[in-house]
2 protein chains.
Amino acid sequence: MTDTARKRNPRGSGDLLREEILVAAITLIDTTDDTNALTLRGVARQASISAPSIYSHFDNLTLLVEAVLQSSFHELAESVRTAMAAEQQPAAKLLAAGRAYVDFGWQHKARYRLMFAETGYAENAVETFALVAESLQRCIDAGISGSTDARADTWIVWAALHGVATLDKPARADYLRLGALDRPALLETIIRRLTLIHGPPALAKL
Amino acid sequence: MTDTARKRNPRGSGDLLREEILVAAITLIDTTDDTNALTLRGVARQASISAPSIYSHFDNLTLLVEAVLQSSFHELAESVRTAMAAEQQPAAKLLAAGRAYVDFGWQHKARYRLMFAETGYAENAVETFALVAESLQRCIDAGISGSTDARADTWIVWAALHGVATLDKPARADYLRLGALDRPALLETIIRRLTLIHGPPALAKL
DNA sequence: AACATAAGCTAACGACTGTAAAGTGATGCG
DNA sequence: CGCATCACTTTACAGTCGTTAGCTTATGTT
């Protein structure tokens, strides 16, 4: 609508537009919160670009969407990684990872749904998965977790957090008449119980 | 394609078609496993009907989809209810409910996703929620659960199972290099840990 | 200054969508 | 037997979509 006519990119670097298109696609799905909003023309509008211009950088819509998903998985992994890095003790790292994960899901609802709606997401999540599994293993080694299988229990935690991330906030307490159900305590409860962490509340720092 | 020309419904009961349309819509989304397949014309094709005929029974597509969702929520609740009714002890009821819930999600992937993609699902899930919460409360009363808040912990279990139901089967072990991760044991582990059920393995009947 | 080319455009296609309007033909009642 | 009504149908419109073909124009090189 606000047609502030784009300046064409300099000669050598037409690849600049590729990044712009990707960003446009991501902000489009994030702002509309609608999985189906990710159309070729929609992205073009968001980027102030003509639709066919996208074909110079992505052979078709499917490839563009895949690029969005791949980028999103990296963003998620990075977010979890830095959250873990900010903590020292393995149990605290675990909790921080869980918080970062759920935060991502809640802050980018439609995008997160899309990430797990398409098949083949598991391979993209492998990176983050390994990170968390290591952390849990260290908890076991430190004797503060009763788990006997770090990978299996990591999967369980992942599934549970995925559930929390998918059930959006407004639905939580309102209809189900849950009293105080604040998120940090909730996440800590879930993770502690599933990983059998019985250690002292070093996690309680929230 | 196989145009086995429909017989028109008798005079009084034009409402028969309403049910046929609903069934057609459900089988359509279930067989295609695609959320976006639920179009007015697609449903019409599935029901061997002309598209505008649907308007005699549903004022627009949105209302048809809502009817599908409402019906699906009832189906889910009914499935969970009967699964629980087949068990005696409260802990066994709890586990049966979880199994039935996840089964539904896995057997109707696209439909399940649609149920929780649209807003306002929480009010529809209230029925099932209450059922499970009661069951957990009985576990607490019987002294086999360490939980202190049946409703809150039911929500946690729900979220976790929702996560399991949403992560589809093939993705489980394959990419994550988990060994044996059979579903019944997995569900039992999740539910036992989250509800703090420490009782004797009366649940082990699987 | 001339020219090749990169960067992006407009126009157009075929297919699909939800929905409105108007038609058809069997059915059951008076 | 006639006729109104119900249960649908065909036709049509306006809008969206992905994608292709071909054009324009600025840019960097020679």
Side-chain angles (χ1 to χ4, degrees), chain A residues 1-25 28-29 31-69 110 114 117-118, chain B residues 1-25 28-29 31-69 110 114 117-118:
Chain A
M1 306 313 160
T2 48
D3 272 329
T4 37
R6 258 184 58 88
K7 256 271 171 60
R8 193 209 303 233
N9 278 324
R11 193 61 168 272
S13 54
D15 288 332
L16 290 185
L17 187 51
R18 200 196 130 99
E19 200 57 28
E20 288 182 39
I21 292 173
L22 241 165
V23 169
L28 179 61
I29 188 176
T31 57
T32 62
D33 235 319
D34 177 11
T35 306
N36 298 320
L38 212 49
T39 84
L40 207 64
R41 295 176 132 96
V43 172
R45 271 190 297 268
Q46 175 75 32
S48 302
I49 275 253
S50 81
S53 296
I54 295 180
Y55 283 90
S56 315
H57 304 276
F58 301 92
D59 279 355
N60 52 52
L61 177 62
T62 306
L63 289 176
L64 169 55
V65 171
E66 280 176 9
V68 166
L69 295 186
L114 195 64
E118 308 287 317
Chain B
M1 308 313 160
T2 47
D3 271 329
T4 37
R6 256 185 59 89
K7 257 270 171 62
R8 190 207 308 228
N9 278 323
R11 193 63 169 268
S13 54
D15 288 333
L16 291 184
L17 187 52
R18 201 197 130 98
E19 200 58 27
E20 288 182 38
I21 292 174
L22 240 165
V23 169
L28 180 61
I29 189 176
T31 58
T32 61
D33 236 319
D34 177 12
T35 307
N36 297 321
L38 213 48
T39 82
L40 207 63
R41 293 175 131 96
V43 172
R45 269 191 299 268
Q46 175 75 31
S48 302
I49 274 250
S50 80
S53 295
I54 296 181
Y55 282 91
S56 314
H57 303 276
F58 301 93
D59 279 354
N60 53 52
L61 177 63
T62 305
L63 289 176
L64 169 55
V65 171
E66 280 176 9
V68 166
L69 295 186
L114 195 64
E118 308 288 317

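Residue numbers begin at 1 in each chain, while the letters A, B, ... track the order of the sequences.
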To the side chain of [X], which of [options] is closest?
X	options	value
Pro52(A)	dA11(C), dG8(C), dT10(D)	dA11(C)
Arg45(B)	dT17(C), dC9(C), dC17(D)	dT17(C)
Asn60(A)	dG18(D), dC9(C), dT19(D)	dT19(D)
Leu61(A)	dG8(C), dT19(D), dT19(C)	dT19(D)

Report yes or no: does Ser53(A) contribute a side-chain atom to a donor-acceptor pair with the main-chain N or O of Ile49(A) at less than 3.5 Å?
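No, Ser53(A) side chain to Ile49(A) backbone: no donor-acceptor pair under 3.5 Å.
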Rounded interatomic separation in angstrom, taking [atom1] from [X] and [atom2] from [N]:
X	N	atom1	atom2	result
Ile49(A)	dA7(C)	CD1	P	12 Å
Leu63(B)	dG18(C)	CG	P	14 Å
Asn36(B)	dG18(D)	CG	P	12 Å
Ile21(A)	dA7(C)	CD1	C1'	11 Å
Asp34(B)	dT17(C)	CG	C1'	15 Å
Ile54(B)	dC8(D)	CD1	P	12 Å
Leu64(A)	dC17(D)	CG	P	14 Å
Arg41(A)	dC9(C)	CZ	P	14 Å

Is there a side-chain polar atom (N or O) of Ser50(B) under 4.0 Å from OP1 or OP2 of dC8(D)?
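For Ser50(B), the contact criterion (side-chain N or O under 4.0 Å from OP1 or OP2 of dC8(D)) is not met.
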Presence of Ser53(A) side-chain N/O under 4.0 Å of dC9(C) phosphate oxygens OP1/OP2
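Checking dC9(C) against Ser53(A), a side-chain N or O does come within under 4.0 Å of OP1 or OP2.
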Could you pull out the closest heavy-atom pair between [X] and [Y], with the gap in Å?
X	Y	value
Ser50(A)	Ala44(A)	C-CB, 3.9 Å
Ala67(B)	Arg18(B)	CB-NH2, 4.3 Å
Leu38(B)	Leu114(B)	CD2-CD2, 3.9 Å

Leu22(A) and side chain to side chain contact (heavy atoms under 4.5 Å, CB included): which single residue from Val43(A), Val68(A), Leu17(A) fits?
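The passing option is Val68(A).
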At 4.0 Å (heavy atoms only), tell me whether Leu40(B) reaches a base, stays on the sugar-phosphate, or touches nothing.
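The residue Leu40(B) makes base contact.
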